[in-house]
Each structure stands twice: as structure tokens, then as C-alpha cells.
2 protein chains.
Amino acid sequence: MKTFCRSLHGLALGTLLIAGQLVTVQGQTEAQKANANRTLSVGYILFPGFEPLDVFGPLEMIFSMSYYMNMTLATIAETVGPVSARPPLHYMAPNEPPMDLSYMINPQVVATHTFETAPKLDILLVPGGTGNVALEQKNDTKVEDFVRERYPELEYLLSVCTGAITLARSGVLEGRRATSNKGAWAQTATHGKNVTWVPSARWVVDGNVWTSSGVAAGMDMAYAFLRELYGDSPLNTLMSNVEYAPHTDASWDPFSVVHNVPGANKTRSLVDCVGPAGFTE
Amino acid sequence: MKTFCRSLHGLALGTLLIAGQLVTVQGQTEAQKANANRTLSVGYILFPGFEPLDVFGPLEMIFSMSYYMNMTLATIAETVGPVSARPPLHYMAPNEPPMDLSYMINPQVVATHTFETAPKLDILLVPGGTGNVALEQKNDTKVEDFVRERYPELEYLLSVCTGAITLARSGVLEGRRATSNKGAWAQTATHGKNVTWVPSARWVVDGNVWTSSGVAAGMDMAYAFLRELYGDSPLNTLMSNVEYAPHTDASWDPFSVVHNVPGANKTRSLVDCVGPAGFTE
């Protein structure tokens with residue numbers, strides 16, 4: 001709530017110099033303190049056939065964070081208005097009939113801006129989903145063109161799941177490490193020039209580009225990302241209200257083993273012990 | 001995909017009698033086999049100020065399941081069209097000024113039906129969120145009236161987070177066990193007549209009513225619910241594609257301890273080891 005937010009901003013916090021960074025007594029760096037005092041412009045790409053949780057996993061946490069911090073949200077698509085999560089017609093393999101999934105249920109989300117009218121953005125999030133495949137097959141490059149054009153103005157670019165395909169095709173992954181959904185690995189990892197696709201990773205950070213593994217992995221990436229942006233407070237309070245116990249180890253990736261991704265780390269346990277963030281027993 | 005679905009339906013599976021239930025060789029009960037062969041009508045309540053992940057956590061899994069199984073979806077609100085997740089004006093405590101959270105970001109979802117036009121439903125899901133509080137303060141009973149009226153036709157009624165308040169106020173929790181968000185426990189657990197509010201529970205099942213703890217807990221409830229409906233196959237495949245490692249122990253609830261809920265089980269560990277569903281090392 002704003003009251004808390006104002007109190008947080010208003011506190012005359014002492015500072016410490018730890019590992020060359022100014023850190024407040026609450027463990028907040030100077031950069032995190034500065035983030036708490038400005039308005040961040042967040043953009044979210046939508047396209048027909050987006051994966052619902054790719055959008056709403058990270059968005060739940062960003063939405064909750066906007067209770068404490070100043071943010072704006074633009075949901076961006078080819079046209080404003082409803083965008084369907086139902087997969088459009090696409091092909092799964094050569095010489096096979098088109099996949100008509102119009103029988104699937106159809107959650108719809110509202111786009112507030114087009115690629116032409118989107119405001120200046122500090123943070124851009126790109127979801128994945130079957131719609132990505134359909135766009136590529138139609139040679140529709142609007143999403144990747146938008147990512148390429150806007151990348152220079154962004155402070156952070158994030159993708160969830162096969163959203164990494166869009167990032168690869170836009171060119172911003174060139175020379176970078178990235179990851180994506182492990183169930184769609186064979187298809188995903190063919191994209192992009194000079195991309196080091198990391199086979200076992202819940203998420204990967206390379207510079208200001210964050211890519212996560214499949215769908216639910218976006219929530220763990222979002223936790224790590226918001227922690228970098230703002231520190232532990234009020235993030236851990238928020239996580240306890242959302243009742244999500246995040247995986248905080250970026251190298252935990254049982255799904256790379258389950259899906260038998262080439263190069264997957266099979267020496268690690270498939271299980272991982274998680275509990276509330278910021279609390280220890 | 002339908003091909004898989006048809007193959008699944010078409011298999012001449014042998015059956016076994018285990019513990020009095022007919023079970024297929026794949027571990028599917030006769031009831032689960034019957035569910036795989038019919039169309040389920042799913043309804044989702046939306047209201048201004050719904051919590052985004054309360055809706056899209058379980059919905060991601062239901063959406064993914066609709067790839068394999070026949071389902072319809074109705075998103076139901078007071079009016080069709082966009083419904084905002086941004087909290088409406090409400091009061092948090094007596095004698096305090098109203099909470100104006102209009103500065104928060106505003107994800108919007110499309111309602112396809114009104115309370116009057118909603119189709120016959122087999123399954124109804126009720127999310128929580130600050131909007132619940134606002135409805136109660138305005139004496140707006142439309143959502144709980146809809147739940148009360150439709151309950152006799154439902155096979156299953158599910159709530160996430162403070163959606164349990166709506167269920168309590170509708171009367172369907174009378175004589176039942178239920179749970180809700182642990183961060184809003186003091187306020188939530190005052191609702192309903194003769195409700196046994198369970199202080200430590202990720203989710204609670206009482207008859208055909210499923211209630212989950214806060215926000216992200218809805219995903220674990222959804223996994224358990226879909227497992228009851230359809231069995232492990234194709235659910236576990238779906239979970240590995242969504243890359244979510246569900247908590248499968250309904251009594252795991254570290255957030256009841258974190259939020260110091262009266263009666264919470266403090267003897268249990270806050271952490272829980274989770275890995276991919278259906279896989280063992």
C-alpha cells in the first residue's frame with residue numbers, strides 16, 4: 001500500500017559499503033533504493049495463442065509489487081482489445097495436416113496498446129505459446145520486429161518459455177546465453193545466430209536479458225528479477241501473501257532431465273526443497 | 001492433441017478391481033475413463049479486483065488439459081467484456097480512509113457471459129482478491145447469489161484464496177471444512193455459519209467443494225483436482241510441459257506458520273521437497 005511505500009521511501013536508512021556496493025541497513029542497494037523511488041514502465045507482449053501462465057505467472061508478482069512501487073502496465077498486441085490464448089492453426093511437422101486446436105477452451109486477455117502505440121518501456125516481457133509457432137509459419141515478424149526496435153530503450157528484456165524464440169529471431173540473443181521450454185527444446189534451440197542455449201537452467205541471465213524455462217519457470221525468474229530490482233523487502237512479504245515458495249536455484253531443472261534435453265545435467269536430484277522466501281527454520 | 005485424445009479413448013484397456021473400484025491397467029478408474037469421454041462445462045467467476053493468479057494458475061492447467069479432453073469455458077461476470085484486476089475502492093478497517101489503489105497496474109480479462117446468460121455448468125471456480133472485500137462492503141451479493149443458485153447443478157465447486165469468503169456467504173460451506181489465504185485469515189474466518197476453517201492446509205476437499213489457501217495454492221489444488229477427474233495420464237505429461245512441480249501434500253502449509261494463524265501446525269517443516277509429478281528417482 002502507498003502508506004507502506006511512502007514509509008519505505010521516507011525512512012532515513014543508514015548505509016553500509018559491502019563488496020563495493022552501497023547497501024542500506026535493510027540490505028537494499030543504492031540501485032534498489034533508486035528503483036523504489038521511480039516509476040517503471042512495464043510492457044507485456046500478447047499474441048493469439050499465448051500461453052496463459054507465461055503471462056500471468058510473472059504478472060501476478062509484478063501486479064502485487066505495484067501495490068508498493070510505482071509502475072505502469074501496457075499490454076501490447078497487433079490490435080487493442082481481446083487477445084485469445086487459444087492456439088491458432090499451425091503445423092507441427094512437415095507433410096502433416098495443420099493442427100486445428102479451435103476445440104480448446106479460450107481465455108482472453110485485453111491488449112491496451114498496439115505495436116505502434118506502445119509507450120516508452122523500461123521492462124518488456126515476452127511470453128511463449130503455440131502462437132509463436134503460428135507466427136513463424138506465417139512469416140509474421142511483427143512481435144520480433146517490435147522487440148528488435150525497442151530493445152535499445154529497455155533496461156530489461158525478459159522472456160518466458162518459447163518466448164525465447166522471439167528473442168532469438170529478433171537478434172538480441174546473438175552472442176548470449178539463454179534458455180527455453182525443455183519440452184520444446186529440439187525446435188526452440190534451432191533459433192538465433194550464435195546463441196548459447198543452456199540445457200539445464202530454470203532461468204538464465206545474460207546482461208539485461210532474462211530468459212526462463214517453460215511456463216511455470218517464469219514465476220521463479222520473476223522472483224529473482226524483482227529481487228534484483230528491489231531487494232528482499234517488500235518482495236518476501238508479497239510472496240508470503242501470494243503463498244508461492246519460489247525455486248531460487250537457477251540451475252535446478254528437473255524438466256531438462258525429464259525431457260531428455262541433450263547436455264542436461266543428469267547428476268542432479270530431480271527434487272528440490274522449497275519453502276517461503278526469506279524465512280529460515 | 002485430439003489424436004492422442006482419440007487414441008486414449010480408443011484403447012481397449014484391460015481393467016482390474018482394486019479396492020472395490022474398477023481401475024484400468026493405466027491406473028485410470030472407471031469414473032476417470034468416463035470423464036475422458038465427455039465434455040465438461042467449466043465456469044470461471046470474474047469480478048473487478050480479482051487476483052490474477054487465482055484465475056490463471058488453475059486455468060493454465062485446465063487450458064492445457066483441454067488439449068486432451070473436451071471442455072468448454074465460460075468466464076462469468078456482471079457484464080460481458082473486460083474485467084479489471086485492479087482493486088476497486090474499499091475500506092481496510094473502520095474509521096480509516098478508503099483504500100484507493102487506482103495507481104496499481106491493471107491486467108484485464110474478458111468475461112464471455114453474465115450471471116444471467118451463463119450456460120449450465122459442471123465445474124465452477126471462484127477466485128479471491130481485494131474485489132471480494134469491496135463487493136461485501138457495497139452489499140453486492142451477485143457473485144454469492146450466483147454460487148448459491150448454481151450449486152445444485154454443479155459436480156464440483158472450487159475456490160482459490162479469499163474466494164472461500166464468497167462460498168461461505170453463499171451458504172454452501174455450512175457444515176463443511178474449508179480453507180483460505182493465511183495472510184487474510186482473521187478477516188476470512190469470520191464468514192459463514194458452521195464452517196470449520198482449517199488453519200493449516202494447502203487445500204481442503206469436503207464432498208464436492210474444494211477450497212485452496214492463498215493465490216499460488218490454487219495451482220496445487222488444481223493438480224490434485226485434475227488428478228481426481230482424469231487420473232495421472234495425460235496430467236503428468238501436461239505438468240512436465242508446463243514445468244510445474246506441484247506440492248502434492250494437502251497438509252503442507254508453511255504460510256499458516258509465517259502468518260501465525262491460530263491453530264496452525266507449527267511442528268511441521270516450512271520446507272517441502274518437490275519434483276516433477278509422476279517421476280521418481
Side-chain angles (χ1 to χ4, degrees), chain A residues 1-2 42 44 51-53 55-57 59-60 62-63 66-67 70-73 75 82 85 92 99-101 103-110 112 161 181-184 213-217 219 240-245 247 254-255 257-259 269-276 279-281, chain B residues 1-2 42 44 51-53 55-57 59-60 62-63 66-67 70-73 75 82 85 92 99-101 103-110 112 161 181-184 213-217 219 240-245 247 254-255 257-259 269-276 279-281:
Chain A
M1 66 191 170
K2 273 298 178 197
V42 179
Y44 239 110
E51 191 70 28
L53 195 63
V55 171
F56 280 93
L59 191 49
E60 169 65 34
I62 293 168
F63 171 77
S66 80
Y67 179 71
N70 293 316
M71 294 180 182
T72 60
L73 175 69
T75 45
M92 288 304 283
M99 288 281 283
D100 179 0
L101 302 177
Y103 64 87
M104 283 180 71
I105 64 172
N106 186 22
Q108 294 170 80
V109 175
V110 177
T112 57
C161 195
N181 187 304
K182 301 314 175 327
S213 190
V215 195
M219 292 189 289
S240 283
N241 290 333
V242 166
E243 299 196 19
Y244 184 63
H247 293 278
F255 302 103
V257 178
V258 167
H259 291 296
S269 170
L270 289 183
V271 298
D272 187 38
C273 284
V274 292
F279 296 88
T280 48
E281 293 190 86
Chain B
M1 66 189 168
K2 274 297 178 197
V42 178
Y44 240 109
E51 192 70 28
L53 195 63
V55 172
F56 280 93
L59 190 49
E60 168 65 34
I62 293 168
F63 171 77
S66 80
Y67 178 71
N70 292 315
M71 294 181 181
T72 60
L73 175 70
T75 46
M92 287 302 283
M99 288 282 283
D100 180 0
L101 301 178
Y103 64 87
M104 283 180 71
I105 65 171
N106 186 22
Q108 296 170 79
V109 175
V110 177
T112 56
C161 195
N181 187 303
K182 301 313 172 337
S213 191
V215 195
M219 292 188 290
S240 283
N241 289 333
V242 166
E243 299 196 17
Y244 184 64
H247 293 278
F255 302 103
V257 177
V258 167
H259 291 297
S269 169
L270 288 183
V271 298
D272 187 38
C273 284
V274 292
F279 296 88
T280 48
E281 295 189 86

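Quick note on labels: first sequence line is chain A, next is B, and so on, each numbered from 1. For clarity, every value in this text was computed on a predicted model and none was experimentally measured.
Using a 4.5 Å cut-off on side-chain heavy atoms (C-beta onward), A/Leu59 and B/Leu53 make no contact. At least one side-chain heavy atom of B/Ile105 sits less than 4.5 Å from a side-chain heavy atom of A/Ile62. When side chains are defined from C-beta on, B/Leu73 does not count as touching A/Met104, because their heavy atoms never get closer than 4.5 Å.
The contact between A/Asn181 and chain B is made by backbone and side chain atoms together, counting heavy-atom distances below 4.5 Å. Neither the backbone nor the side chain of A/Ala184 comes within less than 4.5 Å of any heavy atom in chain B. Heavy-atom distances place both the backbone and the side chain of A/Val274 under 4.5 Å from chain B. In this structure, chain B has heavy atoms under 4.5 Å from both the backbone and the side chain of A/Ser213.
The nearest pair of heavy atoms linking B/Ser66 to A/Tyr103 is O-CE1, 3.1 Å. Nearest heavy-atom pair, B/Ser240 versus A/Val258, reported as atom, atom and distance to 0.1 Å: OG-CG1, 3.6 Å. Listed here is the closest heavy atom pair of A/Ala216 and B/Glu243: CB-O, 3.5 Å. The two residues A/Phe255 and B/Pro276 come nearest to each other via the heavy atoms CE2-CB, 3.9 Å.
With chain A as the partner, the residue from B/Met71, B/His247, B/His259 showing the most heavy-atom pairs under 4.5 Å is B/His259. If you tally non-hydrogen atom pairs under 4.5 Å between each of B/Pro107, B/Gly57, B/Pro82 and chain A, the highest count goes to B/Pro107. Contact count versus chain A (heavy atoms, under 4.5 Å) is highest, among B/Val242, B/Val257, B/Val109, for B/Val242.
A/Gln108 places no side-chain N or O within 3.5 Å of a backbone atom of B/Val110 that could act as its donor or acceptor partner.
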